[in-house]
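Structure first, then comments.
We number each residue from 1, following the sequence as shown. Hydrogens, waters and symmetry mates play no part in the numbers below; they use all other heavy atoms, side chains included. Just so you know, ligand 1 is whichever comes first in the structure, and atom 1 is the first atom listed for that ligand.
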Amino acid sequence: MTVKVIPLADLRYASRMPHIPAQFQPVTGLLSDTLARPLRDLRISVTDRCNFRCSYCMPSEVFNKDYAFLPQSSLLSFEEITRLARLFVAQGVEKIRLTGGEPLLRKNLEVLIEMLARLQTPSGKPLDITLTTNASLLAKKAQSLKDAGLQRVTVSLDGLDDAVFRRMNDVNFPVADVLRGIEVAQKVGLAPIKINMVVKRGTNDAEILPMASYFRNTGVVLRFIEYMDVGATNGWRMDEVLPSQQVVERISQAFELSAIDANYSGETAQRWRYADGAGEIGVISSVTQAFCSDCNRARLSTEGKLFLCLFASQGHDLRTLLRGNYADEQITAAIGHIWQARSDRYSELRAALPADTSPLGDSQKRVEMSYIGG
Ligand code: SAM
Ligand code: SF4
Ligand code: SF4
């Protein structure tokens with residue numbers, strides 16, 4: 001008899017119980033990690049499920065009907081997410097991005113957005129709240145998201161050619177429905193819209209120019225992302241990465257571009273403007289030009305584990321604190337302690353190694369992007 005072992009989703013990744021310092025430091029919003037990086041951006045994964053199976057993120061051979069997604073009881077409730085968000089904001093977070101998995105699959109997400117939209121920074125400013133989505137449900141939900149207080153959206157779209165797009169999402173989803181979602185989002189004012197295109201050499205790089213042409217003069221900011229070695233299942237290879245520099249070169253052959261400054265410190269994209277005034281594009285060179293030195297992002301997984309880097313293999317179990325009898329002051333102090341000890345800079349370390357080797361070695365399992373949130 002063969003016995004099938006289904007891993008307990010809750011125990012899939014190692015996690016640590018956070019340390020609660022005996023003495024609390026004053027909460028100033030000015031935390032700094034071991035590399036002098038502040039805490040400003042919190043990405044919250046609201047579900048580990050998705051209706052797409054993009055090969056670079058949730059390959060269908062792994063994320064199939066036998067895959068153990070998290071049970072409902074593991075997910076942080078909206079109240080738990082909002083409580084944590086409030087404590088993170090006290091510690092310096094100014095921007096919250098909802099992600100996943102596909103965040104629009106989380107039931108009543110608008111209610112969470114309303115709750116988060118009521119939070120303010122210590123100086124009384126509203127938070128910058130955004131969401132990253134594959135846009136499959138955006139046409140239906142854009143208005144209610146806007147009404148709930150969402151300011152803008154980032155849409156993932158890997159090509160305009162319907163056959164290429166269907167192959168990349170691997171669930172035969174038509175590109176026309178995503179384009180319609182973008183249009184509706186623009187109409188209801190979820191702007192400025194950003195589009196993320198993950199470029200995989202030999203798979204969708206022929207879509208770079210058509211995408212650039214389509215979004216010129218629309219107010220939409222198109223950003224090209226280098227295919228990254230996140231997770232442990234996508235079979236990443238360096239030769240499938242198209243360096244951003246080549247993306248810029250290809251676009252410049254058709255339209256003149258000039259470099260422009262970052263909007264703010266810690267911005268992941270390098271910006272370029274069309275010389276004829278048709279708008280701007282961005283490139284995110286996570287592989288060829290690591291930007292760890294000003295990475296101010298923390299990630300909260302669907303089940304409440306805090307990750308300090310996209311490539312981490314271990315999280316800090318904040319849910320245990322939430323569901324235990326811990327006061328806000330204790331959880332805030334634990335967050336401060338974790339951030340102050342942070343030294344992660346995976347992409348910089350990887351860049352210094354030979355191609356296709358990992359700074360973590362082979363023994364440590366990196367978390368999947370769909371679990372931790374992009
Ligand atoms: N489902 C939503 C979506 O696709 O927009 C949100 C979650 S998804 C994990 C967040 C972002 O991560 C997307 O823009 C996606 O393209 C990007 N992403 C996923 N896997 C990636 C990889 N291997 N390399 C680069 N970007 C990746
Ligand atoms: Fe789903 Fe987004 Fe991952 Fe694609 S990138 S599989 S849409 S979570
Ligand atoms: Fe930040 Fe880690 Fe990415 Fe470096 S590798 S930019 S530390 S998430």
Fill in: Test: Asp33 and Arg342 ion pair at under 4.0 Å
yes
Practice prompt. Compare Pro59, Cys57, Ser60 and give the one whose heavy atom is closest to atom 5 (S) of ligand 2.
Written response: Cys57
Worksheet item: Looking at side-chain heavy atoms only, is the closest gap between Val178 and Asn134 below 4.5 Å?
Response: no
Worksheet entry | Part of Glu348 within contact of ligand 3 (heavy atoms, under 4.0 Å) | neither
Item to complete: Below 4.0 angstrom from a heavy atom of Phe311, which ligand 3 atoms are there? Numbered from 1 as shown, please.
Response: 5 (S)
Worksheet entry | Side chain, backbone, both or neither: the part of Thr99 lying under 4.0 Å from ligand 1 by heavy atom | side chain
Worksheet item: At a 4.0 Å threshold, what atoms of ligand 1 neighbour a non-hydrogen atom of Tyr227?
Response: 23 (N), 24 (N)
Worksheet item: Which option out of Asp344, Asp294, Leu349 puts a heavy atom nearest to atom 7 (S) of ligand 3?
Response: Asp344
Item to complete: Answer yes if Phe215 and Val198 sit in the same cluster of Ile, Leu, Val, Met, Phe, Trp and Tyr residues linked by side chain heavy atoms under 4.5 Å apart, and no otherwise.
Response: no
Worksheet item: Which bit of Val155 is near ligand 1, meaning a heavy atom under 4.0 Å away: side chain, backbone, both or neither?
Response: neither
Worksheet item: Does a donor on one side chain and an acceptor on the other come within less than 3.5 Å for Arg271 and Asn263?
Response: yes
Worksheet, complete the sentence: Per-atom filter on ligand 2: closer than 4.0 angstrom to a heavy atom of Asn134 are 7 (S)
Item to complete: Could you tell me whether ligand 2 has any atom less than 4.0 Å away from a heavy atom of Ser370?
Response: no
Practice prompt. Check for a donor-acceptor pair, side chain of Glu303 on one end and backbone N or O of Arg319 on the other, with a separation under 3.5 Å.
Written response: no
Fill in: Atoms in ligand 3 flagged as close to Ser347, the criterion being non-hydrogen separation under 4.0 Å
5 (S)
Discussion item. Please list the nearest protein heavy atom to atom 4 (Fe) of ligand 2 with its residue and the distance rounded to 0.1 Å.
Written reply: Cys54 SG, 2.3 Å
Worksheet entry | Atoms in ligand 1 flagged as close to Glu102, the criterion being non-hydrogen separation under 4.0 Å | 1 (N), 2 (C)
Worksheet item: For atom 10 (C) of ligand 1, which protein heavy atom lies nearest, and how many Å away is it?
Response: Gly374 CA, 3.8 Å
Item to complete: Below 4.0 angstrom from a heavy atom of Phe291, which ligand 3 atoms are there? Numbered from 1 as shown, please.
Response: 6 (S)
Discussion item. Give the atom numbers and elements of ligand 1 that come within less than 4.0 Å of a heavy atom of Asn234.
Written reply: 23 (N)
Worksheet item: Angle class for the Phe173/Phe52 ring planes (parallel below 30°, perpendicular above 60°, tilted otherwise)?
Response: tilted
Worksheet, complete the sentence: Looking only at protein heavy atoms, what sits closest to atom 21 (C) of ligand 1 is Tyr56 CD1, 3.5 Å
Fill in: Protein residue, atom and distance nearest to atom 24 (N) of ligand 1, heavy-atom basis
Met228 N, 2.9 Å
Response to the item:
Per-atom filter on ligand 3: closer than 4.0 angstrom to a heavy atom of Arg299 are 8 (S)
Worksheet item: Quick one: does Gln340's side chain have a donor or acceptor within less than 3.5 Å of a partner on Leu31's backbone?
Response: no
Item to complete: Compute whether any side-chain donor of one residue and acceptor of the other, for Arg97 and Thr154, lie under 3.5 angstrom apart.
Response: yes
Response to the item:
In terms of heavy-atom contacts, Tyr274 and Glu280 come closest through CD1-N, 4.2 Å
Worksheet item: With no hydrogens and no angle check, is any side-chain donor or acceptor of Asn234 less than 3.5 Å from a backbone partner on Tyr56?
Response: yes
Worksheet item: Going hydrophobic residue to hydrophobic residue with side-chain gaps under 4.5 angstrom, can you get from Met58 over to Val171?
Response: no
Worksheet item: Taking the side chain from Glu226 and the backbone from Thr288, do they hold a donor-acceptor pair closer than 3.5 Å?
Response: yes
Practice prompt. Provide, to 0.1 Å, the distance between atom 1 (Fe) of ligand 3 and the closest protein heavy atom, together with that atom's residue and name.
Written response: Cys295 SG, 2.4 Å
Item to complete: Provide, to 0.1 Å, the distance between atom 8 (S) of ligand 1 and the closest protein heavy atom, together with that atom's residue and name.
Response: Gly100 O, 4.3 Å
Discussion item. If hydrophobic clusters are built from ILVMFWY residues whose side chains come within less than 4.5 Å, do Ile284 and Ile260 share one?
Written reply: no
Practice prompt. Answer yes or no for Ser45: is there a heavy-atom contact with ligand 1 below 4.0 Å?
Written response: no
Discussion item. For ligand 1 and Thr133, I'd like to know whether there is a polar contact (N/O to N/O, distance under 3.5 Å).
Written reply: yes
Worksheet, complete the sentence: The answer for which part of Cys50 has a heavy atom under 4.0 Å from ligand 2 is side chain
Worksheet item: Under 4.0 Å from any heavy atom of Ser156, which atoms of ligand 1 are there?
Response: 3 (C), 4 (O), 5 (O), 13 (C), 14 (O), 16 (O)
Worksheet item: With a cut-off of 2.8 Å, does any N, O or S atom of Cys309 fall short of it relative to atom 2 (Fe) of ligand 3?
Response: yes
Fill in: Pair Arg201 + Asp205, salt bridge at N-O below 4.0 Å
no
Item to complete: Return the residue, atom name and 0.1 Å-rounded distance of the protein heavy atom closest to atom 1 (N) of ligand 1.
Response: Gly101 O, 3.0 Å
Item to complete: Record the part of Met228 in heavy-atom contact with ligand 3 below 4.0 Å; permitted values are side chain, backbone, both and neither.
Response: neither
Worksheet item: Of all the heavy atoms in Met197, does at least one lie under 4.0 Å from an atom in ligand 1?
Response: no
Practice prompt. Examine distances only and state if a side-chain atom of Asp48 and a backbone atom of Leu70 form a donor-acceptor pair shorter than 3.5 Å.
Written response: yes
Worksheet item: Which residue supplies the protein heavy atom nearest to atom 8 (S) of ligand 3, what is that atom called, and how far is it?
Response: Leu310 N, 3.3 Å
Worksheet item: Between Arg297 (side chain) and Leu310 (backbone), is there a donor-acceptor pair under 3.5 Å?
Response: no
Worksheet item: Taking Ser77 for the side chain and Glu80 for the main chain, is one N or O donor matched with an acceptor at less than 3.5 Å?
Response: yes
Worksheet entry | Minimum-distance protein heavy atom relative to atom 6 (S) of ligand 3 | Arg297 NH2, 3.6 Å
Discussion item. Is it the case that the side chains of Asp229 and Tyr346 hold a donor-acceptor pair, with the cut-off being a distance below 3.5 Å and no angle test?
Written reply: yes
Practice prompt. For atom 18 (N) of ligand 1, grab the closest protein heavy atom and report residue, atom and distance to one decimal in Å.
Written response: Met369 CE, 3.3 Å
Worksheet item: Relative to the heavy atoms of Val230, which atoms of ligand 1 are at a distance of less than 4.0 Å?
Response: 22 (C), 23 (N)
Worksheet item: Quick one: are Asn204 and Arg167 in side-chain contact, heavy atoms under 4.5 Å?
Response: no
Worksheet item: Non-hydrogen atoms of Arg350 versus ligand 3: any pair closer than 4.0 Å?
Response: no
Item to complete: Please confirm whether the backbone N or O of Leu160 pairs with a side-chain atom of Glu207, one donor and one acceptor, at under 3.5 Å?
Response: yes
Fill in: Minimum-distance protein heavy atom relative to atom 16 (O) of ligand 1
Val198 CG2, 3.1 Å
Response to the item:
Quick note on ligand 1: atoms under 4.0 Å from a heavy atom of Asn134 include exactly 2 (C), 3 (C), 5 (O)
Item to complete: Within a distance under 4.0 Å of any heavy atom of Asn196, pick out the atoms of ligand 1 and give their elements.
Response: 14 (O)
